[in-house]
There are 2 protein chains.
Amino acid sequence: MAETGSARPATAGAFDRLEVALDRASPIPLYYQLAQHLESAIERGALAPGDLLGNEVDIAARLGLSRPTVRQAIQSLVDKGLMVRRRGIGTQVVHSQVRRSLELSSLYDDLAAAGQSPATRVLRNEIQSASAEVAAALGIPEGRDVIVLERLRTTHGEPVAHLCNHLPASLIQADTGRLRETGLYRVLRAAGITLHSAQQTVGARSATDREAELLDEPAGAALLTMRRTAYDDHGRAVEYGTHVYRASRYTFDFQLLVRP
Amino acid sequence: MAETGSARPATAGAFDRLEVALDRASPIPLYYQLAQHLESAIERGALAPGDLLGNEVDIAARLGLSRPTVRQAIQSLVDKGLMVRRRGIGTQVVHSQVRRSLELSSLYDDLAAAGQSPATRVLRNEIQSASAEVAAALGIPEGRDVIVLERLRTTHGEPVAHLCNHLPASLIQADTGRLRETGLYRVLRAAGITLHSAQQTVGARSATDREAELLDEPAGAALLTMRRTAYDDHGRAVEYGTHVYRASRYTFDFQLLVRP
DNA sequence: CAGTGGTCTAGACCACGTT
DNA sequence: ACGTGGTCTAGACCACTGA
């Protein structure tokens, strides 16, 4: 009965304006294709902040998808903080511009993405037996062999950070040459180690004399510190790092989402 | 045909050992009830790290739920980093103990949860016109009225942080008495403002003379700084804060998850 | 090969917020 | 009252993993 026909100007959502072409032959899941389309539409402004997307049933019908599939796509954007759902209202693009949230990428990637042309000086790359602190952080017996990496990260010739990492020696062979050109996490990834999570602690303290010299800061300058243990898929600790950053040249930016 | 009867020792998952009682009359969603059961089982050790949960179809059958509902429950735990799914293997409890990740709670809640019995001294609570910096952070016109809050947070009589917040004056009436006893975010919540997300920047710098005196630190001590803009459901900026923490008494802990 | 999670369908009813 | 998202069902087929 309630056949609305072709005209439906009533509660048209912003989704109408989009041209979404799904490829059912692609190995990429449909919900993921849709999510990518929506995200890129937001990025290029085709979906503006505050826009109502339009209801899920219509979108599903228009795309020839089932509603759960459409929901899965939208939900992934909600989880990213790009959209907000409201019962009785609809789904809208979030008003505030969302900055990229902190990911589990290496500092190298962070800097490269920011166009900072990072470089690395490897100060130390050797095998030692694990101290009590390192053993506890990595969850291995004290005295077990670990790779100790000490590096100085610079951008445009200026030092940014002093990085000290410990890895179980059984994991990889740390190639100093490769570590000069890229980040530790890329080396791990290339070795088939997929990171899963990391526990980080960020703090501050005054620079030691050696740190001040390495980082080209005055004695006793305030530095930003970060201690991190990274875990792989199996929950095994893969890396323990204690890093020190020049506070004048580096901060941690991240976005928090309230879990509903 | 393939009636296995009561004996099924073959690939029994750890889920068998759990007693999960769902309340279909409850307004709490079934997937959420199941997720809570599983999470508490992990917390009290009934599900140990590395345990295979058992396949989703069986669990669904045992509980009288559909598989998507069971999946939704498990997925929420995967999103929290408590479990890992592997195709062809199953779902297991993550090996490493997962610490609580940083949430969008107030410093007051953080300290209270840690049993630190926080207290607050309100140094300033007045209305001013927004400076360019504050106006830009809050997304309002320069010169618009804003509430300026300056507070000193202490635990056990020792200063921990110096907090400076700016809020659009139209939002709430900031009651100094309530701010002494609780955190700003609780006051906001009580005023019907639901926070949605926040953008934070963490850094470090040396203490000014006034900060050193307020925080009982030596002159020029290294301090941890945090700048935050918080947004509500509609994406409107609700609060802009510039906080300074004693590095000797406070750090930021958080967990990062790799999004798959 | 058998078993697992990953994806998808086509519906249904309910709770909530607006009107 | 109505429209929205929130939840749930009962299946289906596929892709990956391990033996």
Side-chain angles (χ1 to χ4, degrees), chain A residues 1-2 4 8 10-15 22-35 51-79 83-93 192 194 233-234 259-260, chain B residues 1-2 4 8-15 22-35 51-79 83-93 192 194 233-234 260:
Chain A
M1 293 306 160
T4 47
R8 190 200 298 153
T11 56
F15 181 80
L22 299 177
D23 178 7
R24 297 194 91 103
S26 162
I28 300 175
L30 293 171
Y31 80 88
Y32 195 81
Q33 292 184 39
L34 175 54
D51 276 1
L52 278 171
L53 189 60
N55 81 59
E56 300 171 348
V57 182
D58 279 0
I59 295 177
R62 195 174 321 238
L63 295 177
L65 295 175
S66 68
R67 188 182 163 207
T69 303
V70 172
R71 272 186 71 79
Q72 193 175 2
I74 296 177
Q75 187 59 47
S76 69
L77 298 183
V78 171
D79 291 341
M83 297 189 138
V84 185
R85 313 180 107 123
R86 302 164 174 283
R87 262 209 269 237
I89 308 282
T91 303
Q92 22 183 196
V93 180
T194 61
D233 271 358
H234 298 73
R259 40 185 182 197
Chain B
M1 288 300 165
T4 48
R8 190 200 298 151
T11 56
F15 181 80
L22 300 177
D23 177 7
R24 298 194 88 103
S26 162
I28 300 175
L30 293 171
Y31 80 89
Y32 196 83
Q33 291 185 40
L34 176 53
D51 275 1
L52 278 171
L53 188 61
N55 80 61
E56 301 170 348
V57 181
D58 279 0
I59 294 177
R62 196 174 319 239
L63 295 176
L65 295 175
S66 69
R67 189 182 162 208
T69 302
V70 172
R71 272 186 71 78
Q72 193 176 1
I74 296 177
Q75 187 59 45
S76 70
L77 299 182
V78 171
D79 290 341
M83 298 189 136
V84 185
R85 312 180 108 124
R86 302 165 174 282
R87 260 210 271 237
I89 308 285
T91 303
Q92 18 182 200
V93 180
T194 61
D233 270 359
H234 298 75

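In the text below, chain A, chain B and the rest are named by the order of the sequence lines, each starting its count at 1. Bear in mind that the values here come from a model prediction, so they are computed numbers and not experimental data.
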[atom1]-[atom2] distance between [X] and [Y], expressed to the nearest 0.5 angstrom:
{"X": "Gln33(B)", "Y": "Thr69(B)", "atom1": "CD", "atom2": "OG1", "answer": "11.5 Å"}
{"X": "Leu63(B)", "Y": "Asp58(B)", "atom1": "CG", "atom2": "CG", "answer": "10.5 Å"}
{"X": "Arg85(B)", "Y": "Thr91(B)", "atom1": "CZ", "atom2": "OG1", "answer": "5.0 Å"}
{"X": "Gln75(A)", "Y": "Leu77(A)", "atom1": "CD", "atom2": "CG", "answer": "9.0 Å"}

Starting from [atom2] on [N], measure out to [atom1] on [X] and report it in whole angstrom.
{"X": "Asp58(B)", "N": "dT4(C)", "atom1": "CG", "atom2": "P", "result": "7 Å"}
{"X": "Leu34(B)", "N": "dC8(D)", "atom1": "CG", "atom2": "C1'", "result": "14 Å"}
{"X": "Leu30(A)", "N": "dC8(C)", "atom1": "CG", "atom2": "P", "result": "4 Å"}
{"X": "Ile59(A)", "N": "dG5(D)", "atom1": "CD1", "atom2": "C1'", "result": "12 Å"}
{"X": "Met83(A)", "N": "dT4(D)", "atom1": "CE", "atom2": "P", "result": "15 Å"}
{"X": "Tyr32(B)", "N": "dT7(D)", "atom1": "OH", "atom2": "P", "result": "11 Å"}
{"X": "Arg85(B)", "N": "dC16(D)", "atom1": "CZ", "atom2": "P", "result": "17 Å"}
{"X": "Glu56(A)", "N": "dG11(C)", "atom1": "CD", "atom2": "P", "result": "17 Å"}

### Query
On DNA chain C, nearest-nucleotide positions of Gly64(A) versus Ile89(A): which is more 5'?
Gly64(A)
On a heavy-atom basis, which atom in [X] and which in [Y] lie closest, and how many Å separate them?
{"X": "Asp23(B)", "Y": "Ala25(B)", "result": "OD1-N, 2.9 Å"}
{"X": "Ser76(B)", "Y": "Ala35(B)", "result": "OG-CB, 3.5 Å"}
{"X": "Phe15(A)", "Y": "Leu34(A)", "result": "CE1-CD1, 4.3 Å"}

Verify the contact: side-chain N or O of [X] to OP1 or OP2 of [N], cut-off strictly under 4.0 Å; return yes or no.
{"X": "Asn55(A)", "N": "dG3(D)", "answer": "no"}
{"X": "Tyr31(B)", "N": "dC8(D)", "answer": "no"}
{"X": "Thr91(A)", "N": "dT4(D)", "answer": "no"}

### Task
State, yes or no, whether a side-chain contact exists between Leu52(A) and Ile89(A) at a heavy-atom distance under 4.5 Å.
yes
### Query
Going by heavy atoms in the side chains, are Ile59(B) and Leu65(B) under 4.5 Å from each other?
no
### Message
Under 4.0 Å, heavy atom to any atom of DNA chain C: which of residues 68-79 of chain A qualify?
### Response
Pro68(A), Thr69(A)
For nucleotides 12-14 of chain D, list the nitrogen or oxygen atoms of the protein found under 3.5 Å from its nitrogen or oxygen atoms, one pair per line.
from	atom 1	to	atom 2	distance (Å)
dA12(D)	N6	Arg67(B)	NH1	3.3

